[in-house]
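Below: the structure, in structure tokens.
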There are 2 protein chains.
Amino acid sequence: MDLWFCTQTVASVSAPVGTSAERVYEDLRGAIIGGEFPPGERLRTEALAERFGTSRTPVREALMLLEGDGLVEIEPRRGAVVRAFDSNDLVDLYEVRAILEARAAFAAASRITPDELAALDAACDRAEALSGSSRRTVETLMATNEEFHGIVVAAAASPRLTGALRTVAGIPRTFKAVFWAESDECRRSLAAHRDIVASLRAGSAERAESAMRLHVLTARDFLIEVMRDRQD
Amino acid sequence: MDLWFCTQTVASVSAPVGTSAERVYEDLRGAIIGGEFPPGERLRTEALAERFGTSRTPVREALMLLEGDGLVEIEPRRGAVVRAFDSNDLVDLYEVRAILEARAAFAAASRITPDELAALDAACDRAEALSGSSRRTVETLMATNEEFHGIVVAAAASPRLTGALRTVAGIPRTFKAVFWAESDECRRSLAAHRDIVASLRAGSAERAESAMRLHVLTARDFLIEVMRDRQD
DNA sequence: CCGAGCCACTTTGCATGCAATTAGTCCCGT
DNA sequence: ACGGGACTAATTGCATGCAAAGTGGCTCGG
């Protein structure tokens, strides 16, 4: 018995909705972000087709979509490789992300529902309850973090903002993991999240915007520092 | 002689490099933005394949890319249609665009080269030299406008910003054309462009940012007003 | 020993065939 | 006459074949 279907959501098994290309896109995106394919690795269509149980056509389509997300680089007639992120890329990416997420927080402040606020609280609570730095814990923290940011962006109710964020939201987990392994940064991040929730609950758009911008830019600076320390 | 090639760069004509899918993508994007395919029109792969002299495969790939740009909507097994923009969409889109282009202007202020400044001046001069409101003039004005904004974004030298803008930059010309048909709005827009260039030349990042934001938000408000007048 | 050129294998990109699904139409029953 | 259901035609989505371009290795010459 094979277990490749573990990478799919249960929903997509019980309800095989959507095209094959979309599934390959989702799964491959997850695999890249999850670090299964390291940056620079070549992505050959035939190997991926075999892995996902389809032909090369949907794989090719998925790769083009991933190129649009900035996760993959395709050179005509030369193939696709997982995009590598250098320090400059990350700074650029985080600054754009800071702008967009700050705007999302601003817009969310006046639209967010009690349910969404409760979901944000729950995400913070779950993150707070976790302690230690096992691999499993780091994974859960990252998932919780993504959920938090996802709720804020969704509350902004701006399709274009969501779409624009897609182009900067995809960063391999390998990079982000350093946040959640460092307990100091983890605590700072959690405090920032609490602050953002409080701002949103108060309906204070500008405060929420500033809090989110601070949060993302803090993450940027920490990431830069870590990269400099590692490369020097 | 036709002038559809105005939407392409000269380079892509003289050097037919790249895959077939990319050409279809560029051409089809130009055709949609140019208004050749009205919103809501179904895009059948076979017809497009015949038009572009390829098979259905590259057309299909181009359609998926255009969906990523928000110009096309694809429903699985039901086909692709040119996306329709309602008033809410346009407001959303212009607000995100205002944020991103303002940031681009901010970043450009400290990086822009004399050559780029000269190119901006030239674009303004060309727009100013044009008068009247013939169809040809409107086309040229829109092309000049796009060139102006393109130079500013390029001067920001932020790949992620450029990428994020792609998702909000594609608006069918039919909508934008109203700016340039109204000579009042045209003059205001031109004055705003001059102001932006002056800010950039002065190296004043915040001023450039504000000027650009004002420019885009002014366009947004004018567009909203026009749409309300037309629909009421 | 090293480099340039050539050849074979690999891989991509496009075209086309085929099955599955949907839209449209017509017929039939009520 | 009108609504429902089945059939047909059209269209999508996927698989695969094939040609072209690229990559790597090998040989041969310097």
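Residue numbers start from 1 in every chain, and the chains themselves are labelled A, B, ... in the order their sequence lines are given, proteins ahead of strands. These numbers come from a predicted model, not from an experiment.
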### Task
Spell out yes or no: do the side chain of B:Thr19 and the base of C:dT12 have one donor N/O and one acceptor N/O closer than 3.5 Å?
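Check fails, no donor-acceptor contact within cut-off.
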
### Query
Checking only heavy atoms, does the side chain of B:Thr45 share a donor-acceptor pair with the base of D:dT11 at less than 3.5 Å?
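No, the side chain and the base share no sub-3.5 Å donor-acceptor pair.
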
### Any donor-acceptor pair under 3.5 Å from A:Arg29 side chain to A:Leu66 backbone
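Checked: no pair found.
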
Can you check the [X] [atom1] to [N] [atom2] distance for me, whole Å?
X: B:Glu50; N: D:dT11; atom1: CD; atom2: C1'; answer: 15 Å
X: B:Arg44; N: C:dT22; atom1: CZ; atom2: C1'; answer: 14 Å
X: B:Ile74; N: C:dT21; atom1: CD1; atom2: P; answer: 19 Å
X: B:Arg23; N: C:dG13; atom1: CZ; atom2: C1'; answer: 11 Å
X: A:Glu46; N: C:dG13; atom1: CD; atom2: C1'; answer: 14 Å
X: A:Arg42; N: D:dT23; atom1: CZ; atom2: C1'; answer: 8 Å
X: A:Phe52; N: D:dC14; atom1: CZ; atom2: P; answer: 14 Å

### Message
Can you pull out the residues from residues 59-70 of chain B that lie within a 4.0 Å heavy-atom distance of DNA chain D?
### Response
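B:Arg60 - these, ordered by number, are the residues of the stretch whose heavy atoms sit under 4.0 Å from the strand.
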
For a quick check of understanding: with a heavy-atom distance under 4.0 Å over all strands, which category does [X] fall into, base, sugar-phosphate or nothing?
X: B:Ser20; result: sugar-phosphate
X: A:Arg56; result: base
X: A:Ala49; result: nothing
X: B:Arg77; result: base

### Query
Using 4.0 Å as the upper bound for N to carboxylate O, is an ion pair formed by A:Glu95 and B:Arg103?
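Salt bridge present between B:Arg103 and A:Glu95.
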
#### Entry: Pairing of B:Arg83 and B:Asp89 as salt bridge, 4.0 angstrom limit
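Looking at B:Arg83 and B:Asp89, the cut-off is met.
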
### Query
When you match B:Leu43 and B:Thr57 each to their closest nucleotide on DNA chain D, which lands nearer the 5' end?
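Its nearest nucleotide lies further toward 5', so the answer is B:Leu43.
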
### Task
Check the angle between the aromatic planes of A:His149 and A:His215 and answer parallel, tilted or perpendicular using the 30° and 60° thresholds.
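Correct class here is parallel.
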
#### Entry: Aromatic ring pairing A:His193/A:Phe148, orientation class (parallel under 30°, perpendicular over 60°, tilted between)
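Correct class here is parallel.
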
### Message
Of the listed nucleotides (C:dC14, D:dG13, D:dT12), which one gets closest to any side-chain atom of B:Ser55?
### Response
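Minimum distance to the B:Ser55 side chain belongs to C:dC14.
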
### Closest non-hydrogen atom pair between A:Glu61 and A:Ala21, with its separation
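Looks like OE1-CB, 3.2 Å.
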
### Message
Check this one for me: any side-chain N or O of B:Arg78 less than 4.0 Å away from OP1 or OP2 of C:dA23?
### Response
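Yes, B:Arg78 has a side-chain N/O under 4.0 Å of OP1/OP2 on C:dA23.
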
### Message
Just checking A:Arg173: does its CZ atom have more than 12 heavy atoms from other residues, nucleotides or ligands closer to it than 6.0 angstrom?
### Response
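Yes - once you tally the heavy atoms of other residues, nucleotides and ligands closer than 6.0 Å, there are more than 12.
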
